[in-house]
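Whatever order the structure lists them in is the order used to number ligands and atoms, beginning at 1.
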Amino acid sequence: MKTKLLKSVLGVSLAVAGLAAGAGTIVGSKHDFSTQAWTTNGQLCVACHAPHNTALGLTVLWNHTLSTATYTMYNNAFSSTINGTVAAAPAGVSKLCLSCHDGTVAVNSFGGATGAVSIAASANLGTNLTNDHPIGITYDAALVTADGALWPIATTANIGTGGTKTRAGTISSNLLYNGSIECASCHDVHNTFTVPFATAGTSGTTNKLVKISMVGSALCLTCHDK
Ligand code: HEC
Ligand code: HEC
Ligand code: HEC
Ligand code: HEC
């Protein structure tokens, strides 16, 4: 009797989890590693965070082994029309993303252990970042003036709806990290507020985790006044 009840409850929760995939939760997204052979107890957070590992001295209780790569940045030595000062190397949240996405550290190298699972080629940005949107630029009033075609940082940006969750705010409150444009300006690593990437129904594991829809290039037009 008890077993039966447990099973049907489980059935319901699985169905709910299935529905929720891609609709405002990390479950079912590309960052859901809970079903990987190298994860124990179906944990969701451990590849990136741990409750007690401050050994790396980073914010957000970072648990993934960092990359020691040297990067080629998208800066004004590369593109003369870049007005902002580009950080010499990825920092802050971008450094956290690149601990997996530059392809030099295994996805399952965390908690001090060294793994061997490589990231898929399509998600491997490599260490030459000149073919990626620039990161590490302070987006402030001076840059808006110098560039001439960026929206002021107080412009309202709706980062969309993730399932039943919605969040609206300004460019500075929603999209910048310590005032800077970083990987997480465009992507929501937890999929919490991710919007359908393109057309309605495109979500889940293929939504590219964008915070603002790419329909009509809305994401780009949130910052660029073109
Ligand atoms: C693939 C890596 C990854 C996974 C998995 C992950 N996180 Fe994060 N988390 C990050 C990164 C990167 C940041 C900092 C960037 C940001 O906030 O967008 C962050 C920031 C946070 C923050 C602080 C900022 C905020 O959003 O409030 C909390 C809290 C957090 N994560 C909780 C969790 C929990 C709980 C889980 C598991 C259910 C989890 N994360 C899973 C990468 C991850
Ligand atoms: C623990 C390693 C890890 C970290 C840290 C991490 N990712 Fe990922 N990410 C992955 C893996 C693995 C995939 C799936 C690759 C594949 O199989 O397609 C992925 C996929 C993605 C995708 C594609 C999503 C889709 O739906 O196609 C985006 C975008 C992304 N990551 C952005 C980020 C950003 C931005 C950060 C930091 C804020 C970050 N990731 C941090 C491992 C990581
Ligand atoms: C200006 C916005 C922006 C920034 C900044 C940005 N991305 Fe993206 N990223 C996108 C968009 C839009 C896509 C989807 C492109 C497509 O599929 O057409 C994408 C796609 C991806 C993918 C999926 C690639 C694939 O083909 O599956 C990964 C992984 C990714 N980004 C990681 C990162 C990381 C890591 C950083 C920081 C180094 C970063 N992004 C910075 C907008 C951005
Ligand atoms: C969060 C704000 C933000 C978003 C969203 C954003 N950008 Fe940018 N983008 C910037 C900033 C800031 C710069 C650097 C401007 C400068 O330094 O002159 C930049 C630079 C660029 C450049 C480089 C121009 C050069 O001079 O070499 C291009 C091209 C570009 N963005 C296109 C895009 C596209 C396409 C999208 C959508 C996929 C996008 N951006 C989304 C803020 C953003």
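In this structure a side-chain-to-backbone donor-acceptor pair under 3.5 Å is present from Asn63 to Val46. Under the 3.5 Å distance criterion, the side-chain polar atoms of His101 are left unmatched by any main-chain donor or acceptor of Leu125. Between the Ser29 side chain and the Thr25 main chain, no donor and acceptor come within less than 3.5 Å of each other. Between the side chain of Thr104 and the backbone N or O of Ser67 there is no donor-acceptor pair closer than 3.5 Å. A distance-only check finds a donor-acceptor pair linking the side chain of Asp32 to the backbone of Ser34 [under 3.5 Å]. Side-chain atoms of Thr138 do not come within 3.5 Å of backbone N or O of Asp140 as any donor-acceptor pair. With Lys211 contributing its side chain and Ala184 its backbone, the two residues share a donor-acceptor pair below 3.5 Å. With hydrogens and angles disregarded, a donor-acceptor distance shorter than 3.5 Å links the side chain of Ser94 to the backbone of Cys183. Distance alone, capped at 3.5 Å, is enough to place a donor-acceptor pair between the Asn108 side chain and the Val117 backbone.
Not a single N/O/S atom of Cys48, whether from backbone or side chain, sits less than 2.8 Å from atom 8 (Fe) of ligand 1.
In terms of polar-atom proximity, defined here as any N/O pair under 3.5 Å, Tyr139 makes no such contact with ligand 4. Inclusion of His31 in the set of residues having an N or O under 3.5 Å from an N or O of ligand 1 is not warranted.
Counting heavy atoms closer than 4.0 Å to ligand 4, residue Ile171 contributes nothing at all. When non-hydrogen atoms are compared, ligand 3 lies under 4.0 Å from the side chain of Leu125 (C-beta onward) but not from its backbone. For Asp147, every heavy-atom contact with ligand 4 shorter than 4.0 Å involves the side chain, none the backbone. Contacts of Ile82 with ligand 4, taken as heavy-atom pairs under 4.0 Å, involve both backbone and side chain. Neither the backbone nor the side chain of Phe110 has any atom closer than 4.0 Å to an atom of ligand 1 (non-hydrogen atoms only). Only the side chain of Ile26 comes within 4.0 Å of ligand 1, judged by heavy-atom distances. Only the backbone of Glu182 comes within contact range of ligand 3, with a heavy atom under 4.0 Å; no side-chain atom does. Counting heavy atoms under 4.0 Å from ligand 1, residue His49 touches it through the side chain alone.
Using a 4.0 Å cut-off to heavy atoms of Tyr74, the atoms of ligand 4 that qualify are 23 (C), 25 (C), 27 (O). Remark: ligand 4 atoms within the under-4.0 Å shell around heavy atoms of Asn83 are 16 (C), 17 (O), 18 (O). Near Cys186, with a cut-off below 4.0 Å to any heavy atom, the atoms of ligand 3 are 1 (C), 2 (C), 3 (C), 4 (C), 5 (C), 42 (C), 43 (C). Ligand-side atoms of ligand 4 in range of Ser79: 25 (C), 26 (O), 27 (O), range being under 4.0 angstrom from any heavy atom. Shown in contact with Ala123 at under 4.0 Å from a heavy atom are these atoms of ligand 3, numbered in order with element: 29 (C). Less than 4.0 angstrom separates some heavy atom of Leu143 from each of these atoms of ligand 4: 12 (C), 16 (C), 17 (O). Close approach of ligand 3 to Met214 is summarised as follows: ligand atoms under 4.0 Å from at least one heavy atom of the residue are 12 (C). Those atoms of ligand 4 with a heavy atom of Thr81 less than 4.0 angstrom away are 18 (O), 25 (C), 26 (O), 27 (O).
Closest of all the heavy-atom pairs between Ala149 and Lys226 is CB-NZ, 3.7 Å. Ile212 and Leu175 get closest at one heavy-atom pair: CD1-CD1, 4.2 Å. Across Ser185 and Tyr177, no two heavy atoms sit closer than the pair N-CE1, 3.9 Å. Of all non-hydrogen atoms in Phe193 and Asp188, the two that sit nearest each other are N-OD2, 2.7 Å. Nearest approach of Trp151 to Val144, heavy atoms of both residues: O-CG2, 3.7 Å. Contact detail for Tyr139 and Ile153: the closest heavy-atom pair is CD2-CG2, 3.0 Å.
Atom NE2 is the N/O/S atom of His187 found closest to atom 8 (Fe) of ligand 3. The atom of His190 that is an N, O or S and sits closest to atom 8 (Fe) of ligand 1 is NE2.
In this structure, a donor-acceptor pair under 3.5 Å is absent between the side chains of Asn178 and Ser180. Defined by atom type and a distance below 3.5 Å, a donor-acceptor pair is missing between the side-chain atoms of Thr72 and Thr130.
In this structure, Ser122 has a heavy atom closer than 4.0 Å to ligand 3. Every heavy atom of Phe78 sits 4.0 Å or more from the atoms of ligand 4.
Ring planes of Trp38 and Phe110: tilted class, angle from 30 to 60°.
Protein non-hydrogen atoms do reach within 4.0 Å of atom 4 (C) of ligand 1. Protein heavy atoms are found inside the 4.0 Å sphere centred on atom 42 (C) of ligand 1. Distance check for atom 20 (C) of ligand 1: a protein heavy atom is found below 4.0 Å. The protein does not reach atom 28 (C) of ligand 4 closely, with no heavy atom under 4.0 angstrom from it. For atom 25 (C) of ligand 1, the protein comes within 4.0 Å by no heavy atom at all.
For atom 15 (C) of ligand 1, the nearest non-hydrogen atom of the protein is Val93 CG1, 3.5 Å. The protein atom (non-hydrogen) at minimum distance from atom 37 (C) of ligand 1 is Cys45 SG, 1.9 Å. Atom 17 (O) of ligand 4 has as its closest protein heavy atom Gly84 N, 2.8 Å. Nearest protein heavy-atom neighbour of atom 13 (C) of ligand 1: Val60 CG2, 4.1 Å. Ranking the protein heavy atoms by distance from atom 14 (C) of ligand 4 puts Ile137 CD1, 3.6 Å first.
Taking the side chain as every heavy atom from C-beta outward, His49 and Val60 approach each other to under 4.5 Å. Side-chain contact between Ile119 and Cys100 is present, with heavy atoms from C-beta onward closer than 4.5 Å.
Residue Ile82 is grouped with residue Phe78 when hydrophobic side chains (ILVMFWY) are merged at heavy-atom distances under 4.5 angstrom, including chains of intermediate members.
Listed by chain and number, His133 NE2, His224 NE2 are the protein N/O/S atoms closer than 2.8 Å to atom 8 (Fe) of ligand 4, with waters left out.
For the residues Phe193, Tyr177, Trp62, Phe33, the heavy atom positioned nearest atom 12 (C) of ligand 1 is part of Trp62.
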Original post:
Going through the checks in order, is the side chain to side chain contact (heavy atoms under 4.5 Å, CB included) test met by Val27 and Leu44?
Top reply: CA-CA 8 Å; Val27 176; Leu44 283 165; 4.0 Å; yes
Original post:
For His64 and Val105, what are the C-alpha separation, side-chain angles and deciding distance, and is it a side chain to side chain contact (heavy atoms under 4.5 Å, CB included)?
Top reply: CA-CA 9 Å; His64 196 267; Val105 182; 3.9 Å; yes
